[in-house]
Amino acid sequence: MLWLWIVVGVVVVLGVVFVLGYNRLVRLRNEVDTGWANIDVQLQRRSDLIPNLVEAVRGYAAHERAVFDEVTKARAALQHAAGPGAAAEANEGLTVALGRLFAVAEAYPDLKASENFLQLQNDLTDTEDKISAARRYYNSTVMHFNTAIQSIPWVLVAKPLGFRDREFFSAAGDTELPQVSFSQAT
Amino acid sequence: MTLQQQIRSNRFRSGIVVLGFALLLLVLAGLIGLVLDVSLAIIVLAIAAAYGLFGLLSSRSMIAGMTGAQPLGPEDLKPLRRLVDNVSIGAGLPVTPELRIVDDPAPNAFAAGLRPAKSYVGVTTGLLQAMPKRELEAVIAHEISHIRNRDTYLMTMAVVFAGVIALIADIGFRSIAYGGRSRKAGGLVVVLAVVGFILAPFAALLLRMSLSRRREYLADAGAAEILSDPEAMALALRRLELDPTTIRYGNTSTAHLWVESPTDRVDSMRNGVLELSSWFNTHPPVKARIAALEDAGGFRLPERLPADTPFAAELGLDA
């Protein structure tokens, strides 16, 4: 009789532990999703600014077609990028293309002084700051989630339960590591 | 201890402190019921609940009134609002808290509001004039972590609880002192009750203060994490520590709100006699907070603070 009670007790305790742990994983996964949505909003905002910016520069430097094409392509790549890794890669590409566009703009003082161009440049900088803030948050949620599903005992059951490692928002060759280094310092 | 562990253990301890408040409340009500009258105990609990509810509901406007924080117009201080926006995105808050300005030369900041969506961050004009962008960001990240960790909620509760306990203890004490005939028990029990009524408000105050101090370490760690830059928070604290001005609105009831304590001076820890008073401080000593950040981030602050331009210049404010 005593054995039966012990078995029942152990099963109940294990059940409670499982439910609590499972709910924690779900919460962490939702945080990752929210974090990704935050980045997505800002990436969308960034690509929405591009056509106006290209138009503004085209008004002064219509013959620089190659640069406009490159920026437009980079923007399309960002809009069609699937998943955080690819999006980070495409976002990096857009930064490079924009760098060239601004280099072109350097040669036209009238353009650089125009109200419209300054405003666009300002908005772009702001969006880039927001992307990097959103990215810090997103990468920290990914780190927490991945750590959780890679730890014992969850590593054994995470896959069957449908929890998969999530991708960091970082391009290849990115030197700025996500949170890990700081959070795991002693 | 890693930051995550620190956050978890802080949360756990805060839970215990809140439990302590609830127990204290029950003990007081029990004492009143035992020594005086059960119906009086129930009435007192009802008054306490009403008082507490009123305190919670009016806290937002009350804090704004006490600190003198002014809301901004839609076109004011845009770069600063942008900065608050970015920090709250980094913290993963769904809504950017409102920004309010306190016209005061002492550099300081606070957070208030029961729910994140209805919270606001107040900064003094002195803060904008003292801090370069990087450190200002850290101070705002500190306040935003208070909001994110629901510290503003917890601390409002704690203040209201402490008030309620003081009120009940007062009622109990007076009833025993002046309502002699209605006493049920006598002798030792009454003495114990009187001692209880006298000590309870101090116990509540102590609980409130220790809760507040833990929250500060947690918010420092949170700020470091939001910006991935623990050094910025430490630099900001050092700058606050070196600043000699104290806030004009320094008031003990709102002291727990600020990033740096407006009431107790930093040097109150220096000699042993004042050690006791540090138990009643709302904030841990700044040096200990800097040391905690240095340990977590694995860096040492430079001897001299960087002489960067204060953010006020970017806002076009006069120095």
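In what follows, chains are A, B, ... by sequence order, proteins preceding strands, each numbered from 1.
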Using side-chain heavy atoms (C-beta onward) and a distance below 4.5 Å, is Asn122(A) in contact with Arg82(B)?
yes
Heavy-atom distances under 4.5 Å only: say whether Glu31(A) touches chain B with side chain, backbone, both or neither.
neither
Distance from Asp129(A) atom CG to Ile89(B) atom CD1, nearest 0.5 Å?
9.5 Å
Return yes if a side-chain donor-acceptor contact under 3.5 Å exists between Arg136(A) and Asn86(B), otherwise no.
no
Please report, to 0.1 Å, the donor-acceptor pairs under 3.5 Å made by any side chain of residues 17-24 of chain A, with sequence neighbours excluded.
none

Look up atom NZ in Lys78(B) and atom CG in Asp126(A), then write down how far apart they are to the nearest 0.5 Å.
10.5 Å
